[in-house]
Chemist: 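Let me begin by handing over the structure; questions about it come next.
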Amino acid sequence: MARNRRATRALSITLAIVGTAACGNPVNGAATPTASTLAPASSPASSSDNPFASLNQCQLVDQILAGQGFPPATPSVADSKRSCRSEKTSDNAAKDPAAEVGIALQNGQKYTDNIQNPNSAHEGNVDGRKLIEQRDLLGSPGGCQIGMEVGPNARALVIVLIGDDTAAACKKAEDVATALDKRLPRS
C-alpha cells in the first residue's frame, strides 16, 4: 500500500513538472508565460540547438547510481523521451531507506521555469552551473528537485524522493546533481 502511494506521488510530481511547461515561475515572482516549446531528447544529433542530442538520460542515471543498490533506470511514464528514473526498495529503512531518483534532460526550457513554490526554492550553483533547488515538492515532504542550467534554453532536472525525509532527499539530489554536472555540456 505504501509503495503504491509512493509511486502515485512520484508520477504526480513528474506530471506536474511536465504539465506546467507552458508557464514559468521565477523564484521571486509570479507565473509568467513562456515561449518555449518542448523538444524531445531524441532530436537529431546534428542539431546544435539541443545540448542533449548525444546524451542518454537512462545511461546517466545508471552511471551516477552505480554501486548504490539501484536497479537499471527506466524511462519515466510521463516524459519517456526526456526522463529516466530508478527506484530502490529497502528492507531496513533506518540503515538504507527506499529512494527514487530521476533525471530529465529538457531542451526548450530554462532552469528557472516551473518553480512550484517560490518561497521554498533556493538558488545556488554546482561548479559554477546555476541551479534552483526546490524542497517538499507539491507541498509533500520527502521530495527534492534541482533544476540546473545547461544552456540559455535547456535544463537538467534531478528529482529525488525518500519517504518523508526532505533533508535526505535534498542531500541525495545535491550528490546526483554534482555527478550529473560533470557529464553535461557547458555552454
Chemist: For Pro185, give me all partners under side chain to side chain contact (heavy atoms under 4.5 Å, CB included), at least two apart in sequence or on another chain.
Modeler: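 With neighbours one apart ignored, the set is Pro51, Leu55, Val150.
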Chemist: Distance-only criterion, 3.5 Å: show the donor-acceptor pairs between side-chain atoms of residues 130-137 and protein atoms not counting sequence neighbours.
Modeler:
unit_1	atom_1	unit_2	atom_2	d
Gln134	OE1	Gln116	N	2.8
Asp136	OD1	Thr166	OG1	2.3

Chemist: To the closest 0.5 Å, what do you measure between OG (Ser76) and CD1 (Ile103)?
Modeler: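 Going from OG on Ser76 over to CD1 on Ile103, the span is 11.5 Å.
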Chemist: So which heavy atom on Ala156 is nearest to which on Leu105, and how close?
Modeler: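 Smallest interatomic distance, heavy atoms only, reads CB-CD2, 4.0 Å.
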Chemist: Could you tell me if the side chain of Arg155 sits less than 4.5 Å from the side chain of Asn114, heavy atoms only?
Modeler: yes
Chemist: Arg85 versus Glu100: any side-chain heavy-atom pair under 4.5 Å?
Modeler: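 Yes; the side chains approach each other to less than 4.5 Å.
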Chemist: Evaluate the side-chain proximity of Gln109 to Arg82: yes if any heavy-atom separation is below 4.5 Å, no if none is.
Modeler: yes
Chemist: Report all side-chain donor-acceptor pairs from residues 168-179 shorter than 3.5 Å, counting only partners two or more places apart or in another chain.
Modeler:
unit_1	atom_1	unit_2	atom_2	d
Lys171	NZ	Asp175	OD1	2.8
Lys171	NZ	Asp175	OD2	3.2
Lys172	NZ	Gln68	OE1	2.2
Thr178	OG1	Glu174	O	2.9

Chemist: Side-chain polar contacts of residues 58-65 - donor-acceptor pairs under 3.5 angstrom, sequence neighbours left out - could you list them?
Modeler:
unit_1	atom_1	unit_2	atom_2	d
Asp62	OD1	Ala73	N	2.7
Gln63	OE1	Arg183	NE	3.2

Chemist: Where is the tightest heavy-atom contact between Ala98 and Ser90, given as atom of each residue plus distance?
Modeler: N-CB, 3.4 Å
Chemist: Per the disulfide (SG to SG under 2.5 Å) rule, what does the pair list look like for residues 88-130, sequence neighbours excluded?
Modeler: none
Chemist: So that I can tick it off, tell me whether Asp113 and Lys110 are bridged by a salt bridge, with the cut-off set at under 4.0 angstrom between side-chain N and carboxylate O.
Modeler: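 No.
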Chemist: Taking salt bridge (Lys or Arg N to Asp or Glu O under 4.0 Å) as the definition, give me every residue that meets it alongside Asp91, ordered by chain and number, with sequence neighbours left out.
Modeler: none
Chemist: Which heavy atom in Phe52 sits nearest to a heavy atom in Asn107, and how many Å separate them?
Modeler: CE1-N, 3.7 Å
Chemist: Do the side chains of Asp79 and Gln106 get nearer than 4.5 Å, heavy atoms only?
Modeler: yes
Chemist: Roughly how far, to the nearest 0.5 Å, is the OH atom of Tyr111 from the CG atom of Leu157?
Modeler: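 These two atoms lie 13.0 Å from each other.
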Chemist: Working to the nearest 0.5 Å, report the span between CD1 of Ile159 and CD of Gln145.
Modeler: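 Here the rounded value is 5.0 Å.
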Chemist: Which heavy atom of Ile162 sits nearest a heavy atom of Val160, and at what distance?
Modeler: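 That would be CG1-CG1, 3.9 Å.
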Chemist: Are Val101 and Leu161 side-chain neighbours, meaning at least one heavy-atom pair lies under 4.5 Å?
Modeler: no
Chemist: For Asp181, what residues pass the salt bridge (Lys or Arg N to Asp or Glu O under 4.0 Å) criterion, not counting sequence neighbours?
Modeler: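 Listed in chain order: Arg129, Arg186.
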Chemist: Is there a donor-acceptor contact under 3.5 Å from the side chain of Gln57 to the main chain of Lys81?
Modeler: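 Checking the backbone N and O of Lys81 against the side chain of Gln57, a donor-acceptor pair under 3.5 Å is found.
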